[in-house]
Amino acid sequence: MSADGSSTAARPAPNSADAVDGQAAPAAATPAASPRRRGRPRIDLRRLGLAALLGSTSRGRLPDAIGHVADAHRAHHPEADLEPLRRAYLLAESSHRGQMRKSGEPYITHPLAVTLILAELGAETTTLTASLLHDTVEDTEVTLDQVREEFGAEVCFIVDGVTKLEKVDYGAAAEPETFRKMLVATGNDVRVMSIKLADRLHNMRTLGVMRPEKQARIAKVTRDVLIPLAERLGVQALKSELEDLVFAILHPEEYARTRTLIAENAAAGDPLGEFAEEFRTVLREADIAAEVHIRPRHFVSVHRSRIKRGELRGADFGRLLVLVNEDADCYGVLGELHTCFTPVISEFKDFIATPKFNLYQSLHTAVTRRDGEVAEVLIRTHQMHKVAEAGVVALGNPYDAGSDEDGADGERVDPTRPGWLSRLLDWQRSAPDADTFWSSLREELAQDREITVYRTDGGTLSLPAGASCVDAAYAQYGEEAHACIGARVNGRLVTLSTVLRDGDTVHVLLAPPETGSGPDAEWLDHARTPAARIAIGRWLSSHPEGPVVAAAAPRPQLTVESMRPAAANAVVDEHPNAPVRMAGCCTPVPPDAVTGFTVRGGAVTVHRVECPAVARMSAAGRAPVAVHWTQLDDGAEYRVTLIAESFGRPHLLADLTEAISLEGAAIISATVEPPVEGRVRHSYTLQLPDAALLPALMRAMRKVPGVYDVGRGKESAAAAQ
Ligand code: MN
């Protein structure tokens, strides 16, 4: 095991052999207690219990029993005031005195163990104080008022939150309405959740004394709620151990098989150790100060890898962790490793440039040796490592703005309210009932991956994997997304059902409010996030008649307002009805910023301003024509709705709008329905200077490749002015 009891997640043990031994160590008395991991020192509870029973034999001013907690706390916070911990311990110990755990140990061993887990992760003093007291209000004579008087409002608030959560887990487990209330109670402060996680970890470690049915029930709640919570809060260290404990209880045979695999591998050589030595040499020669560690995979991770890859090779049982001092060094290390070994490019991920939702940052890669052995590598700074292991627990007192040592977190979300949690709390306010909220929550927590997409205004959106443009719309605009009519992904127009991938750039297009555009019931099929599903569901139930426009026209998916060149150029002034064509290269739609260029004796081609063609033509000396989107006044001109039936193909919209514009017609609106069996229906409401032009216009549209019919729409008579 790693060197001593104060070893923490931030200081991984440097030796793989130790680690593997640790992993495969003989099981403790119960299966639940067996999957020990390296770097997770366990204090002997009997010793703690004994110390507690013997009372406050002084260690300085501190009772012996909290010596380990104090040491672990001081390792992270050398200046910490230990007095509140001492007082909290004395109160907890005296009030729990006489109570026993099911294992027969004095009850005080439990809050002590929970507090030690948190101290090792780097939690601050307030959290640890509350952690020592976390069961007093529930199980002893101590009252909340007393806690508030003696330890202040903050500690009291946290203890209260944990007390409420406790009731949830051991009462009617995950009963929806209760859970919802609890989430609200704790949602104000993730420190409550941190204590809950540590509490659950200790209870899971000691679950062997329970009846098997109870073990299974608690393990399932841990799997469904607590583990996803640990993932979301970024507390990798707790998550991994909880996963292994659940695995041992719910899948004992698989667990035993994995255990055997790990033990066999430990005896079979040490390819990761060899990799690590080579890495150290390479980095030393490159003059990069770096620590190279071996991180054995936990049992569940080994099990998952085996299922994914079939057979595991020696280097698959762990990963290499390279720790450096500066962000820039991460890329330096990456460069050296990719130069000296053959990288597996598909494994490269940059979670430094784009941190994951739970604040996790690292470079991930994999490299191959000449003998074909592949090693996965994590590269991060010491600070990133601390956050990776301890997540929100490591981020210090969220109420103390100055507590952030390196100031590097300025742009991150409030650690007490990570993005997903704020969202969850917003949804719970808008969810119609507890069941809806609960099922949404489970779905949300079950997502094991989140993607980041970029907004065109420079912001980012965090969405669950599998999210569509509908989700992006609601994530960005909230209820305003009801007016969503389409989207552009990486510059291309797409349907709202399009599933987004990590790194996509998304531009959500909204209809002007006066169009009365609203969600379609189909959107529910495309919405993955509870935010979108709840908002759409609410809108649909309050609008049983559907959107205002639904009675007259097919649901608009994409609306192009009419556009005219503004009077910025002589050419256009003389030809106020100059045909306008929307460039096929970038297909502008409102509200894109646009510019135009004169072509073909007076027609104006309109591009989005960021279209590369604009830069190219400007560089070639072509003068741009100012154009803007405008709603045509209802004038004396002739208005008609035409429906074009065609086979779907790329650029169809651009070609049709060009044909229309070249015939001198202005487009008031365009509706593109989603393709059905490869066929698409476009409806255009058009304004013509003269009704006599209509036959020529329809002929021109029929000539567009793919179009097999053009006819007048139902409402055209009414629309004609
Ligand atoms: Mn507890």
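Ligands are counted one by one from 1 in listed order, and the atoms in each one are counted from 1 as well. All residue numbers in this chain count up from 1 along the given sequence. Everything numeric in this text was worked out from a predicted model, so none of it was measured.
For the residue pair Thr127 and Glu124, a side-chain donor N or O sits within less than 3.5 Å of a side-chain acceptor on the partner. Remark: the Ser240 side chain and the Gln236 side chain contain an N/O donor-acceptor pair separated by less than 3.5 Å.
The Mn ion (ligand 1) is closest to atom OD2 of Asp135 (considering only N, O or S atoms).
The Mn ion (ligand 1) lies under 2.8 Å from an N, O or S atom belonging to His110.
Ring geometry, Tyr255 versus Phe299: the interplanar angle falls under 30°, so the pair is classed parallel (tilted spans 30 to 60°). Between His73 and His77, the ring planes are tilted. Angles from 30° to 60° get that label.
Vertex the Mn ion (ligand 1), arms ending at OD1 of Asp199 and NE2 of His134: the angle is 90° after rounding to 10 degrees.
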